[in-house]
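Please read the structure below before turning to the comments.
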Amino acid sequence: MQCGGFLPEAGELQKMLASARLPQTLVDIPERIILCRTSLQRIYSPSGSFKQFPVAGRVLDRRAFDRHLAHRAAVSGARILPATRARLIEGQLHLSGRFRGLVRPQVIIGADGPHSMVSRAMGNPVQETGICLEYEMVDVDIDPHAAEMYFSARFAPGGYAWIIPLGRDCANVGVGVRASYLSGQRLPQILDRFIAEHPVAREKLAGGQAIAVMRGAVPAGGSPPAICKESYLLAGDAAGQVMATSGGGIPLAVLGGRIAGETAAGYLQRGEPLKDYPSRIGREFGIQLSRSVQIRRMVDVAMKSDTLMNSLFAALSPTQMKSVMRAQIPEIFLSRAWGGEESYQQR
Ligand SMILES: Cc1cc2nc3c(=O)[nH]c(=O)nc-3n(C[C@H](O)[C@H](O)[C@H](O)COP(=O)(O)OP(=O)(O)OC[C@H]3O[C@@H](n4cnc5c(N)ncnc54)[C@H](O)[C@@H]3O)c2cc1C
């Protein structure tokens, strides 16, 4: 389990992913799984100033959410094999752990995360990822209504730090960076520095304690070259289905999983071609996924310098920032100063 648990409300998701058919699992989430609700997204520049805009969000108990999905799958006929590892060798799955044996599937959907074995078997190169470290903290003095992002070359090189409320005095506090920006620093050093020294965050987190630690990787480069090959499909992190502007992967993983499942069922039940999978993904959220990567690449230029990042913050209104997070490209990014529409199209 590696997650901050932040998931926009269904209405926000539908505005962000206008062409997507949201599965019920993203709409009706049992209340016992929702730890708290937020109404704002607040974004801090390196200078410590902030801009905020309304976003209705849910913070999930991700462990409980995944069990809820497994429950729904089980009652719908799926066979769940917990505590079991699969190795893919020449089209066969070799199972070890609680369940052992050999499976020769007609279709394999690799939903096996950012270091996907199925993706490697399809010949994809290693994905570009961000690396993340997160503490669950208690006894903190945070704003329970706001999910916060902090940009700064010192406190989150090539990425951002976050505070996601888990209730009145608890929060997930983390940092996600690109390995190439680390210049010899270690991730715990960066997160501890953010908590102890960030001029704004330290006021909120001082005196708090970490009661759990989580680390993991987030795809940052969009889809690998192949998400469908022969009888293999990829979904979720394995398919790079993460909004590169925020690192949010729950919505696209659930959507990608639904589309992969429907494609596999169509193939087995009606002989429909598996090779339609990429275009089905493309129709529902392809534009948002590829634009989020394009925006991230453009912002990368600014991330190298706090001065540039502060200027970008100053230039964007809160509404434009919300658009950026939703992978809608504001006019400013298309101007000559940022390389213009031409270079945006070439990338
Ligand atoms: C620190 C951190 C914080 C994050 N916070 C958020 C957030 O707040 N909101 C958000 O939307 N997204 C967040 N994300 C991203 C989000 O967690 C992922 O995008 C999402 O979990 C992707 O789901 P998935 O099912 O594709 O992959 P995963 O959740 O990685 O699941 C893959 C599963 O496959 C299993 N697996 C892999 N290989 C094998 C094998 N060989 N045999 C058997 N099982 C295997 C793994 O054990 C795992 O259970 C965060 C990521 C990180 C690292």
Side-chain angles (χ1 to χ4, degrees), residues 1-6 35-36 38 41-50 57 59-63 113-115 128-144 146-167 169-220 237 242-250 296 299-300 302-306 309 313 325:
M1 214 281 295
Q2 43 182 48
C3 196
F6 183 76
L35 298 173
C36 73
T38 55
Q41 192 159 348
R42 185 174 295 138
I43 306 194
Y44 284 90
S45 72
S47 72
S49 67
F50 70 82
V59 186
L60 306 183
D61 175 342
R62 177 66 199 270
R63 226 176 269 281
H115 306 295
E128 183 184 2
T129 55
I131 46 173
C132 307
L133 180 67
E134 183 180 79
Y135 299 158
E136 181 178 337
M137 291 189 73
V138 295
D139 201 13
V140 290
D141 187 16
I142 47 132
D143 177 351
E148 296 183 335
M149 298 167 89
Y150 295 78
F151 288 87
S152 151
R154 176 164 153 75
F155 295 104
Y160 69 88
W162 64 84
I163 300 179
I164 299 175
L166 295 169
D169 67 344
C170 308
N172 279 334
V173 180
V175 65
V177 303
R178 231 87 48 66
S180 53
Y181 286 72
L182 279 177
S183 348
Q185 303 176 83
R186 290 171 53 251
L187 214 44
Q189 193 186 344
I190 293 174
L191 182 53
D192 291 343
R193 185 194 299 146
F194 171 72
I195 292 168
E197 296 176 25
H198 188 281
V200 177
R202 73 170 179 227
E203 301 289 325
K204 306 180 185 203
L205 305 174
Q209 284 203 60
I211 58 162
V213 180
M214 217 182 307
R215 60 164 61 236
V218 181
D237 277 12
V242 171
M243 293 295 274
T245 40
S246 64
I250 300 172
R296 200 225 74 210
V299 174
D300 267 1
M303 284 228 195
K304 293 196 165 50
S305 138
D306 280 353
M309 206 60 187
F313 261 79
M325 288 294 149

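Residues M137 and I163 fail the side-chain proximity criterion, which asks for heavy atoms closer than 4.5 Å. Between W162 and S246, every side-chain heavy-atom pair lies at or beyond the 4.5 Å cut-off. Within the 4.5 Å cutoff, no side-chain heavy atoms of H115 are placed close to those of D237.
A distance of 4.5 Å separates CG of L182 from CD1 of I131, quoted to the nearest 0.5 Å. For the atom pair D169 CG and I142 CD1, the distance stands at 8.0 Å (nearest 0.5 Å). Rounding to the nearest 0.5 Å gives a distance of 7.5 Å between CD of E134 and SG of C3.
The closest donor-acceptor contact from the side chain of D306 to the backbone of A153 lies under 3.5 Å.
Residues forming a side-chain contact (heavy atoms from CB on, under 4.5 Å) with D139 (at least two apart in sequence, or on another chain): none. For D143, the side-chain contact (heavy atoms from CB on, under 4.5 Å) test picks out R42, H145, A146, with sequence neighbours left out. Every side-chain contact (heavy atoms from CB on, under 4.5 Å) that V59 has, sequence neighbours left out, goes to F6, C36, T38, I164, L166. With sequence neighbours left out, the side-chain contact (heavy atoms from CB on, under 4.5 Å) criterion links D300 to R178, Y181, R296. Checked against ring-ring contact (aromatic ring centres under 6.0 Å, His included), F194 has the following partners two or more places apart in sequence or in another chain: Y150, H198. Every residue two or more places apart in sequence or in another chain that forms a side chain to side chain donor-acceptor pair (under 3.5 Å) with D192 is listed here: Y135. Residues that satisfy the side chain to side chain donor-acceptor pair (under 3.5 Å) test with Q185, not counting sequence neighbours, are R193. Partners of S49 according to the side chain to side chain donor-acceptor pair (under 3.5 Å) rule, which considers only residues two or more places apart in sequence or in another chain, are S45, S47. Considering only residues two or more places apart in sequence or on other chains, R154 meets the salt bridge (charged side-chain N to carboxylate O under 4.0 Å, His left out) condition with E197.
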Let me check something: any side-chain donor-acceptor pairs from residues 204-217 under 3.5 Å, sequence neighbours excluded? List them with distances.
from: K204; atom 1: NZ; to: Y44; atom 2: OH; distance (Å): 3.2
from: K204; atom 1: NZ; to: E148; atom 2: OE1; distance (Å): 3.2
from: K204; atom 1: NZ; to: E148; atom 2: OE2; distance (Å): 2.7

Using side-chain contact (heavy atoms from CB on, under 4.5 Å), reason through F155 and V175 one step at a time and then give a plain yes or no. CA-CA 8 Å; F155 295 104; V175 65; over 6 Å; no
Please walk me through it: do F313 and I43 pass side-chain contact (heavy atoms from CB on, under 4.5 Å)? CA-CA 9 Å; F313 261 79; I43 306 194; 3.4 Å; yes
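Among all heavy-atom pairs drawn from A161 and A156, the shortest one is N-CB, 3.6 Å. For the pair P165 and P144, the tightest heavy-atom approach, listed with the atom from each and the gap, is CG-O, 3.6 Å. The shortest heavy-atom contact between A244 and A220 is CB-O, 3.8 Å.
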